[in-house]
Amino acid sequence: MSVIQAPRGTFDVLPADMARRAVLEAHAERILGAAGYARIETPTFEATELFARGVGQATDIVQKEMYTFDDGGGRSLTLRPEGTAPVCRAYMEHGMHKLGQPVKLWYLSSFYRAEAPQRGRYRQFWQVGAEAIGSAGPDTDAELIVLLADLLLAMAVREVRLRLSSLGTPETRAEYRRELAEYLHAHEDGLSPEVVARIDLNPMRAFDAGDRTTRETMRGAPTLLDRLADEDAEHFARVRELLDGAGIGYELDPTLVRGLDYYARTVFEFTSDALGAQSGVGGGGRYDGLIEQLGGKPTPASGWAAGVERILLSASEQPIAPDVVDLFVAVAKPDADVAAFALANEARGAGMSAQMELAGRSLKGQLKHADRIRARYVAIIGDTMDVSLKDMESGAQTEVHSTAVIPTILRGSRLA
Ligand code: AMP
């Protein structure tokens, strides 16, 4: 029979990988918790409709990347491809609008997208995300950006760049799109045929073109940032002022887009040049229209999501302290295992980390194993009430009564 492997685009998080993930989780807890964000976990799957409405029918995610299935009762469910729509659903479902606003939430969860797998792009991946729901203020946006910057700094992510822009309102964008399309049509001679073919479909794509002539032509194109309404321009100026004050560097990138109509104003993306092709580490923005789109009252909101695997791939390797095992209980005789079992249990009850021999090794093998797992002490149980306690660092060994093992270790006195 062939051996079954993990599905394409998925991976096992092995114990050796878990330590760095735990570090990331602890930093997120500390940094986001200190700013008043509380952790939330939503279901792994949701009604398909939530993502169709909340991510957008026209997006790649909804068009071709969702794992959608029938639950057997005729209901269409989908493995969550992102976290914002589920968090907004939870906000509405639990009446969180009645709490003090904004409601600040964060999550660290797995997400699912049927994408072509490559380094940094998986079909099951993890995101850490933060959402502030119920505040329209530029300070909320700036705070969110600072928190993600702090997290990336704490994780020692290398070669980080922040791109920042403002999308204004859907009306401004529609007007701008018309103006840009007009400009492109008037300059078709200076554009590549691919760009010309897509002018009416998606004029913004022209900014991404790689060929020199098109790039040259785009230099004279109008940008959305220059067309913002006064209120939106003021909001954006304030976000920038706050970031400047916090010492956060960024590049203005008027071509930064979020495909959907319910996005408004601030958008941003952090990238790492250490990542290669999939350089996006995390991004977000203001999504003032989303909750209404999901059937709620108009509620301003803002947030971000960052990829856990991308953070770990782009982070410098930081030394991780190995786990400490306070006590390893070895058995010198086969029938000593009942006493060994009791001692290991008692040690854990006293707050220590303790393991006992479980593989039937010789005493020599057990000591070798204790050394490998970095046990600080080994208690060797024989056939009397006395236990040989060995300090693995100094090598010293003494006989102590079995009731004295735990107090001796707790005192932490080095055996001489
Ligand atoms: P998005 O929700 O598409 O805005 O993505 C936010 C972040 O999640 C990206 O910047 C990536 O770091 C990460 N991400 C998105 N899709 C994937 C994926 N398929 N595999 C791994 N990380 C991903």
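Since this is a predicted model, take the numbers as computed values, not measurements. Whatever order the structure lists them in is the order used to number ligands and atoms, beginning at 1. Side chains are part of it too, since the values below use all heavy atoms of this structure and drop only hydrogens, waters and symmetry mates.
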Note the single closest protein heavy atom to atom 11 (C) of ligand 1, along with its residue, its atom name and the distance in Å. R310 NH1, 3.3 Å

Where the closest heavy atom to atom 3 (O) of ligand 1 is concerned, which of E65, Q278, R113 has it? R113

One thing to verify: whether D288 and R265 come together as a salt bridge, which I'm taking to mean a side-chain N less than 4.0 angstrom from a carboxylate O. no

Salt-bridge contact E309-R21 (side-chain N to carboxylate O under 4.0 Å): yes

Do me a favour and list the nearest non-hydrogen protein atom to atom 13 (C) of ligand 1 with residue, atom name and distance? G307 CA, 3.6 Å

If the cut-off is 4.0 Å to any non-hydrogen atom of G282, which atoms of ligand 1 fall inside it? 10 (O)

How far is atom 19 (N) of ligand 1 from its nearest protein heavy atom, and which residue and atom name does that atom have? E115 OE2, 2.6 Å

Is the positively charged end of R227 above the ring of Y176, judged by distance under 6.0 angstrom from the centroid and angle within 45° of the axis? no

Could R376 and D391 be called an ion pair, given the rule that one side-chain N must be under 4.0 Å from one carboxylate O? no

Looking only at non-hydrogen atoms, the one of V281, V308, T84, L313 nearest atom 12 (O) of ligand 1 is V281

Does F125 reach ligand 1 with a nitrogen or oxygen that is under 3.5 Å from one of the ligand's nitrogen or oxygen atoms? no

Using a plain distance cutoff, I'd like to know if A305 has any nitrogen or oxygen under 3.5 Å from a nitrogen or oxygen of ligand 1. no

Return the option from Q127, Q118, E309 holding the heavy atom at the smallest distance from atom 8 (O) of ligand 1. Q127

Strictly below 4.0 Å, N to O, side chains only: are R163 and E251 in salt-bridge contact? no

Under 4.0 Å between a side-chain nitrogen and a carboxylate oxygen: does that hold for E357 and R361? yes

Salt-bridge contact R374-E393 (side-chain N to carboxylate O under 4.0 Å): no

Who's the nearest protein heavy-atom neighbour of atom 4 (O) of ligand 1, and how far? R258 NH2, 3.7 Å

Counting from 1, what ligand 1 atoms have a heavy atom of Y122 closer than 4.0 Å? 18 (C), 19 (N), 20 (N), 21 (C)

Does this structure show an ion pair linking K104 with E131, if we count only N-O contacts that are shorter than 4.0 Å? no

Quick one: look up the protein heavy atom nearest atom 21 (C) of ligand 1 and list residue, atom name and how far away it is. G120 O, 3.2 Å

